[in-house]
Participant: 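The structure under discussion is supplied below as structure tokens; questions concerning it will follow.
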Amino acid sequence: MQIYADNAATTKTSRTAIDAMLPYMDQIYGNPSSLHSVGQAANEALTKARQEIADCLGCEAREIYITSGGSEADNQALRSAAYFGAKKGKKHLISTAFEHHAILHTLDQLKEEGFEVTLLDVHENGYVTPEEVAAAIREDTALVSVMFANNEIGSVQPIAEIGAVCREKGVLFHTDAVQAVGHIAMQVKAMNIDMLSLSAHKFHGPKGVGVLYARRGVPLRSLINGGAQERGKRAGTENMPAIMGMAAALKEACANIPKNTEHLTAMRDKLIQGLSKIPHSVLNGDPVKRLPGNVHFCFEGIEGESLLLLLDAKGICASSGSACTSGSLDPSHVLLAIGRPHEIAHGSLRLSLSEENTMEEVDYMIETIPQVVEYLRNMSPVWRDLQEGRRTYVIQ
Ligand SMILES: *Cc1c(COP(=O)(O)O)cnc(C)c1O
């Protein structure tokens, strides 16, 4: 048996997406900027795909800017708002301590360029409040960027309320919704979102393509200069197969949100219940306000990396948190941001499910994971110290 439970890192490209992509390689292969019929066939498809994406987000087609993925969309959103703000003397940016590195590292660069950054503290359950955002906003604040749902611990933020605060104070609001789009119903207008990032490979679309939604009137700045594609805001011949795959995957995901949510939350909650029985374990993120497919635990006295290797040998593909930091031995900045101490932040496990997972797989994981945790603990000198009272448990 092989169980894929790492859908927050990436998802399998769906048959729907693949079928939508193939014709744009060998049949409708034109450049949408060409004036002849081969090019215009591609251009028509592009127009239709853009409208389908807009329909899923609740915005207009001309507010959709196609990018190479979530990271590029995040970079472009932050830089656009920062440079626009700077022109008006506003050089203060607000975000949170547990954003994706596409946000945090861009903010680091902007700091070097003379911007001031406030990173809001995150509550233990993995959210910031609209009141805290309001309190951080100053006269010179150019942008607030708060992620919709966290990619490690799955907590979902009060985005519409934070958006309302920003709108009232006249500050641009961006959300990295890469983990949320296709999984949670999205209405950018009703949620007061000025800019939003999404990425196709997180909802069964292809890798290397995403979108920056920018409300009409938001002054976007191009990061990639060249031709006039994406209304001059993102140059480069459109990646037609990827765009068509993204639009098809998004349409399918959005249509199935109610059905998928029901199946996913049932699996998620059963897994959470089963794994909570492991002694000295703690669930990270909010028990209720979390992504339908996200399960994230810390287990005291073990190393997340060893756990992942043993689980892989038993056919379970999981993650210790973020795919982007794996390979480094630093504990996750997300777990540190919600106040987990270093000792336990190393012993983390993320299971991120998709609608293709089954209850049988959940049962197998509930049976297997506690055995592997126990096996590792029996070999761990830290665990022996804890049991014999030479160290005190962090997780009761
Ligand atoms: C995956 C992810 C990204 C990066 O998206 P890519 O398309 O892989 O560049 C950004 N933010 C979050 C929250 C993510 O989960």
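One-based numbering, in listed order, for ligands and for the atoms of each. Note that the numbering runs from 1 along the sequence shown for the chain.
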Participant: Examine the side chains of H92 and T118 and answer whether a donor and an acceptor come within less than 3.5 Å of each other.
Facilitator: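 The criterion, which ignores hydrogens and geometry beyond distance, is satisfied for T118 and H92.
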
Participant: Polar-atom distance check: N151 versus ligand 1, any N or O pair below 3.5 Å?
Facilitator: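 Among all N and O atoms of N151, none is under 3.5 Å from an N or O of ligand 1.
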
Participant: Do any N/O atoms on A149 end up under 3.5 angstrom from N/O atoms on ligand 1?
Facilitator: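 There is no such contact.
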
Participant: Only heavy atoms of G69, strictly under 4.0 Å: list the atoms of ligand 1 that pass.
Facilitator: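 Taking each heavy atom of G69 in turn, ligand 1 has 7 (O) under 4.0 Å.
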
Participant: Is there a salt bridge (charged side-chain N to carboxylate O under 4.0 Å, His left out) between R216 and E60 once you walk through the steps?
Facilitator: CA-CA 9 Å; R216 193 150 45 91; E60 295 169 40; 3.6 Å; yes

Participant: What part of H201, side chain from CB on, backbone N/CA/C/O, both or neither, has a heavy atom under 4.0 Å from ligand 1?
Facilitator: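 The side chain, only.
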
Participant: For H263, give me all partners under ring-ring contact (aromatic ring centres under 6.0 Å, His included), at least two apart in sequence or on another chain.
Facilitator: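 So H263 forms no ring-ring contact (aromatic ring centres under 6.0 Å, His included) with any residue.
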
Participant: Could you see which bit of K207 sits under 4.0 Å from ligand 1, with heavy atoms only: side chain, backbone, both or neither?
Facilitator: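 None of K207 does.
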
Participant: Stepwise, does the salt bridge (charged side-chain N to carboxylate O under 4.0 Å, His left out) test hold for K88 with D140?
Facilitator: CA-CA 9 Å; K88 297 188 297 181; D140 63 340; over 6 Å; no

Participant: Taking the hydrophobic residues Ile, Leu, Val, Met, Phe, Trp and Tyr, and joining any pair whose side-chain heavy atoms are under 4.5 Å apart, which ones share a cluster with F115?
Facilitator: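 Members alongside F115: Y65, L78, Y83, L93, I103, L104, L107, L110, V117, L119, L143, L172, M195, L212, V218, L220.
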
Participant: Between ligand 1 and K202, is the shortest N or O to N or O distance under 3.5 Å?
Facilitator: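 For ligand 1, there is an N or O atom that lies under 3.5 Å from one belonging to K202.
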
Participant: Answer with side chain, backbone, both or neither: which part of S71 has a heavy atom less than 4.0 angstrom from an atom of ligand 1?
Facilitator: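 Answer for S71: both.
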
Participant: With H280, which of F297, Y393, F299 fulfils ring pair (Phe, Tyr, Trp, His ring centres under 6.0 Å)?
Facilitator: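 Passing option: Y393.
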
